[in-house]
Amino acid sequence: QVHLVESGGGSVQAGDSLRLSCSGYSGSMTCMGWFRQSPGKDREGVAGIATGDGTTYYADSVKGRFTISKDNAKNTVYLEMNSLKPEDTAMYYCAAGGSRHSCTLALGPNGAHWFGVWGQGTQVTVSS
């Protein structure tokens, strides 16, 4: 398994933007995903991208504001976060899944179960 490293988090005001990066993914994984978790809450899927054809998936709460992308040559995935809201505050994790269904299930209940390789997380805090 590969080790993933996230970066790019920080403290911003509502309406600001951030771009998160996740390096270290392998093409042997079928899906790269971004998840977030707040204290006392379950980890939830935010976005996913298929490593093969680049198909993207988004949670309704971030659709139209966040964009996931990948650079295969750099083994890096990104999450561009625009129009940030206080409710976006969380620890953000990138993860790699090897199942055929990892991307399609990432945003559903227990979506994190389909991802076996995780980064250490990067904190995003959005103030009103």
Side-chain angles (χ1 to χ4, degrees):
Q1 294 181 311
V2 300
H3 296 291
L4 305 177
V5 180
E6 305 101 329
S7 63
S11 297
V12 299
Q13 295 184 335
D16 286 350
S17 298
L18 285 173
R19 174 170 288 206
L20 308 183
S21 299
C22 174
S23 62
Y25 81 86
S26 168
S28 65
M29 309 306 287
T30 62
C31 181
M32 296 299 300
W34 285 97
F35 295 78
R36 65 187 181 188
Q37 187 169 24
S38 300
K41 304 293 183 180
D42 291 336
R43 191 166 298 185
E44 62 177 347
V46 175
I49 184 167
T51 58
D53 62 12
T55 301
T56 56
Y57 306 80
Y58 297 97
D60 288 342
S61 60
V62 307
K63 193 172 298 182
R65 298 188 298 120
F66 291 9
T67 302
I68 186 171
S69 61
K70 63 183 177 72
D71 186 332
N72 291 341
K74 296 182 178 180
N75 297 112
T76 301
V77 296
Y78 305 93
L79 185 67
E80 182 178 352
M81 310 164 69
N82 298 318
S83 301
L84 283 163
K85 305 175 180 179
E87 50 263 46
D88 294 319
T89 295
M91 183 73 75
Y92 283 72
Y93 301 88
C94 69
S99 169
R100 166 193 290 267
H101 305 294
S102 291
C103 268
T104 56
L105 297 177
L107 308 180
N110 299 312
H113 170 76
W114 300 98
F115 292 76
V117 182
W118 294 83
Q120 82 286 355
T122 184
Q123 178 69 37
V124 172
T125 302
V126 185
S127 61
S128 61

**Request:** I would like to know whether V117 and L4 meet side chain to side chain contact (heavy atoms under 4.5 Å, CB included); could you show each step before the answer?
**Result:** CA-CA 7 Å; V117 182; L4 305 177; 4.0 Å; yes
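- A donor-acceptor contact closer than 3.5 angstrom links the side chains of R36 and Y92.
- Between M81 and L20 the shortest side-chain heavy-atom distance falls below 4.5 Å.
- A96 approaches M32 most closely through the heavy-atom pair CB-SD, 3.6 Å.
- Contact annotation: the side chain of Y58 never approaches that of V46 to less than 4.5 Å [non-hydrogen atoms, C-beta and beyond].
- Both V77 and V62 belong to a common hydrophobic cluster when Ile, Leu, Val, Met, Phe, Trp and Tyr are linked at side-chain heavy-atom distances under 4.5 angstrom.
- Rounded to the nearest 0.5 angstrom, S7 OG and R19 CZ are separated by 11.5 Å.
- At distances below 3.5 Å, at least one donor-acceptor pair connects side-chain atoms of T51 with backbone N or O atoms of T30.
- Interatomic distance, K74 NZ to S21 OG, rounded to the nearest 0.5 Å: 9.5 Å.
- Heavy-atom neighbours of D71 CG from other residues, nucleotides or ligands within 6.0 Å: above the threshold of 12.
- Across T89, L18, L79, a single residue satisfies side-chain contact (heavy atoms from CB on, under 4.5 Å) together with V124, and that is L18.
- Residues R43 and W118 are in side-chain contact: their nearest non-hydrogen atoms beyond the backbone lie under 4.5 Å apart.
- No side-chain heavy atom of W114 sits less than 4.5 Å from a side-chain heavy atom of C103.
- Using modelled atom types, no side-chain atom of T125 and backbone atom of S11 make a donor-acceptor pair closer than 3.5 Å.
- Y25 and N72 share a side-chain donor-acceptor pair at under 3.5 Å.
- Q120 CD to C22 SG: the interatomic distance, rounded to the nearest 0.5 Å, is 8.5 Å.
- Checked for salt-bridge contact, K85 and D88 miss the test: no charged N lies under 4.0 Å from a carboxylate O.
- Between P86 and A14, the shortest heavy-atom distance links the atoms CD-CB, 4.1 Å.
- Note: F115 and F35 meet the aromatic proximity criterion, with ring centroids under 6.0 Å apart.
- With a 4.5 Å cut-off on side-chain heavy atoms, W34 and E6 count as touching.
- In terms of modelled atom types and a separation under 3.5 Å, the side chain of Q13 and the main chain of S127 share no donor-acceptor contact.
- Contact between M91 and Q123 at its shortest, heavy atoms only, is SD-N, 3.5 Å.
- Within the 4.5 Å cutoff, no side-chain heavy atoms of T67 are placed close to those of Y78.
- No hydrogens or angles considered: a donor-acceptor pair under 3.5 Å links the side chains of S17 and N82.
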